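The structure under discussion appears below in the form of C-alpha cells.
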Amino acid sequence: LSQIPSFNVLVYAFPVKKFSNTEIEIIKQFVYAGGGLLLCGEWGGIFDHARYLNQISQLFGITFNEDRICDLENIEPTAAGRKRPYNVRIKGLNRMYTMTQGVGSFVVTSGCSLTVTNRNMIVAWGGPKSWSDIDMDSEFDPGEDYGWIPVMAASFYGQGRVLALGDASILSNDSMDDICLLYTSD
C-alpha cells in the first residue's frame with residue numbers, strides 16, 4: 001500500500017479477503033487526491049467478494065448485489081453456440097460519460113447488478129427484460145428486480161473517480177473480444 005501514490009488507477013477485481021480499516025482509509029485518500037479506482041465484482045457474492053467490495057464501494061454510493069444479471073432478450077451465445085441468460089449483451093449506455101463514447105455494447109458473463117444512491121451514477125444497464133436473479137436459477141421469480149438492471153456505475157470523490165462493474169471476467173484473457181468491444185461500436 002505504500003506504493004499507491006505512484007499509481008494513477010487502482011484495480012480490485014473479485015477480492016477474496018476483507019480490507020482492513022487502514023487499507024480502506026488509504027484507498028479513500030488516494031481517490032480523494034485524484035486517483036482512479038476500478039472495482040469489479042462477480043455473480044452471487046461467491047467467496048464473499050460483494051461484501052468485501054462493498055466495504056469500499058459504499059463509501060462512494062455504490063453497492064454490489066449478491067445476485068446475477070440475466071436477460072432473455074439480449075443473450076450473447078457462447079463460443080460453442082449455447083444461449084445462456086446470464087451471458088448478457090449490455091446495450092444500455094449513459095452517453096453523459098465519455099467512457100461510453102464509441103461503445104456499441106459489451107458482454108457481462110455471470111455478473112452481478114449494482115445499486116446506486118443516485119441514478120445519474122449509472123453508466124450501463126441491462127435491457128427491459130433483464131432481471132436480478134437472486135437464487136441463480138436463470139429464471140425470473142417473484143421478488144426479483146426486473147428491467148433496466150444497472151451493471152456499471154461511476155462516482156466522483158474529491159478530485160478522483162470510481163468505476164464499478166458487476167463482472168470481473170471482462171478483465172480475463174478469455175474475454176478479449178469483449179474488451180475490444182469497449183473500443184468499437186456495433
Side-chain angles (χ1 to χ4, degrees), residues 10-19 37-58 60 62-94 99-100 103-116 121-154 162-184 186:
L10 295 178
V11 177
Y12 289 102
F14 191 67
V16 294
K17 68 177 191 161
K18 186 177 179 177
F19 291 94
L37 178 61
L38 172 60
L39 302 171
C40 297
E42 275 296 334
W43 60 277
I46 56 175
F47 305 114
D48 290 326
H49 81 278
R51 190 166 46 116
Y52 302 143
L53 284 170
N54 287 337
Q55 289 179 273
I56 297 170
S57 66
Q58 289 177 343
F60 308 108
I62 302 168
T63 298
F64 286 84
N65 298 315
E66 294 186 13
D67 61 7
R68 177 171 62 188
I69 184 172
C70 290
D71 192 318
L72 292 176
E73 200 169 77
N74 295 298
I75 297 174
E76 180 66 20
T78 65
R82 294 185 186 99
K83 292 190 172 187
R84 297 183 172 132
Y86 48 82
N87 287 349
V88 180
R89 178 159 296 281
I90 302 297
K91 298 177 182 177
L93 299 167
N94 184 340
M99 71 183 89
T100 65
V103 177
S105 66
F106 64 96
V107 176
V108 169
T109 303
S110 288
C112 71
S113 70
L114 304 173
T115 300
V116 296
M121 297 166 65
I122 299 171
V123 176
W125 56 90
K129 295 192 177 183
S130 63
W131 76 91
S132 170
D133 190 15
I134 297 170
D135 60 3
M136 313 306 154
D137 66 353
S138 298
E139 296 178 7
F140 177 71
D141 302 305
E144 294 178 335
D145 290 337
Y146 189 82
W148 317 109
I149 305 296
V151 296
M152 185 186 296
V162 177
L163 181 66
L165 176 60
D167 184 22
S169 62
I170 199 166
L171 300 177
S172 68
N173 64 355
D174 65 340
S175 295
M176 290 308 291
D177 290 338
D178 296 332
I179 291 172
C180 291
L181 285 173
L182 293 174
Y183 301 102
T184 62
D186 291 341

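Small disclaimer: the values here were computed from a predicted structure and weren't measured.
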Got a sec, which residues hit side chain to side chain donor-acceptor pair (under 3.5 Å) with D133, two or more places apart in sequence or on another chain?
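D133: no side chain to side chain donor-acceptor pair (under 3.5 Å) contacts found.
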For T78, what residues pass the side chain to side chain donor-acceptor pair (under 3.5 Å) criterion, not counting sequence neighbours?
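In terms of side chain to side chain donor-acceptor pair (under 3.5 Å), with neighbours along the sequence ignored, T78 is linked to no residue.
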Under the rule for side-chain contact (heavy atoms from CB on, under 4.5 Å), what residues qualify as partners of T100, not counting sequence neighbours?
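Result, side-chain contact (heavy atoms from CB on, under 4.5 Å) vs T100: L93, R95, Y97, V123.
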With rounding to the nearest 0.5 Å, note down the distance linking [atom1] in [X] to [atom2] in [Y].
| X | Y | atom1 | atom2 | result |
| --- | --- | --- | --- | --- |
| D167 | Y86 | CG | OH | 12.5 Å |
| S130 | I69 | OG | CD1 | 4.5 Å |
| L114 | I62 | CG | CD1 | 7.0 Å |
| D67 | W43 | CG | CH2 | 11.5 Å |
| M152 | M99 | CE | CE | 7.0 Å |
| W131 | C70 | CH2 | SG | 4.5 Å |

If a pair satisfies side-chain hydrogen bond (donor to acceptor under 3.5 Å, both in side chains) and one of its residues is in residues 48-57, list it, with sequence neighbours excluded.
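Listed once each, the pairs are D48-R51, N54-S57.
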Contact between [X] and [Y] at the side-chain level, heavy atoms closer than 4.5 Å - yes or no?
| X | Y | result |
| --- | --- | --- |
| E42 | S169 | yes |
| P15 | L53 | yes |
| W125 | I149 | no |
| T115 | F64 | no |
| F14 | I46 | yes |

Applying ring-ring contact (aromatic ring centres under 6.0 Å, His included), name anything that partners F60, two or more places apart in sequence or on another chain.
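Listed in chain order: Y157.
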Write down the atom of [X], the atom of [Y], and the distance for their closest heavy-atom approach.
| X | Y | value |
| --- | --- | --- |
| A168 | A13 | CB-CB, 4.0 Å |
| V88 | P85 | CG2-O, 3.3 Å |
| E73 | P128 | OE1-CG, 4.0 Å |

For L37 and Y12, what are the C-alpha separation, side-chain angles and deciding distance, and is it a side-chain contact (heavy atoms from CB on, under 4.5 Å)?
CA-CA 8 Å; L37 178 61; Y12 289 102; 3.8 Å; yes
For Q58 and T63, indicate whether the former's side chain and the latter's backbone hold a donor-acceptor pair under 3.5 Å.
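Answer holds: no.
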Using only atom types and a distance under 3.5 Å, with no angle test, would you say the side chain of N94 pairs donor to acceptor with the backbone of I122?
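Side chain of N94 to backbone of I122, a donor-acceptor pair under 3.5 Å: yes, one is there.
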Salt bridge (charged side-chain N to carboxylate O under 4.0 Å, His left out): pairs with one or both residues in residues 140-154, sequence neighbours excluded:
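Every candidate salt bridge (charged side-chain N to carboxylate O under 4.0 Å, His left out) pair involving residues 140-154 fails, so no pair, neighbours aside, qualifies.
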Name the residue from R89, K91, E76 that meets the side-chain hydrogen bond (donor to acceptor under 3.5 Å, both in side chains) definition with S105.
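One option only clears the test, and that one is R89.
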Passes side chain to side chain donor-acceptor pair (under 3.5 Å), R68 versus S138? Steps please.
CA-CA 8 Å; R68 177 171 62 188; S138 298; 3.2 Å; yes
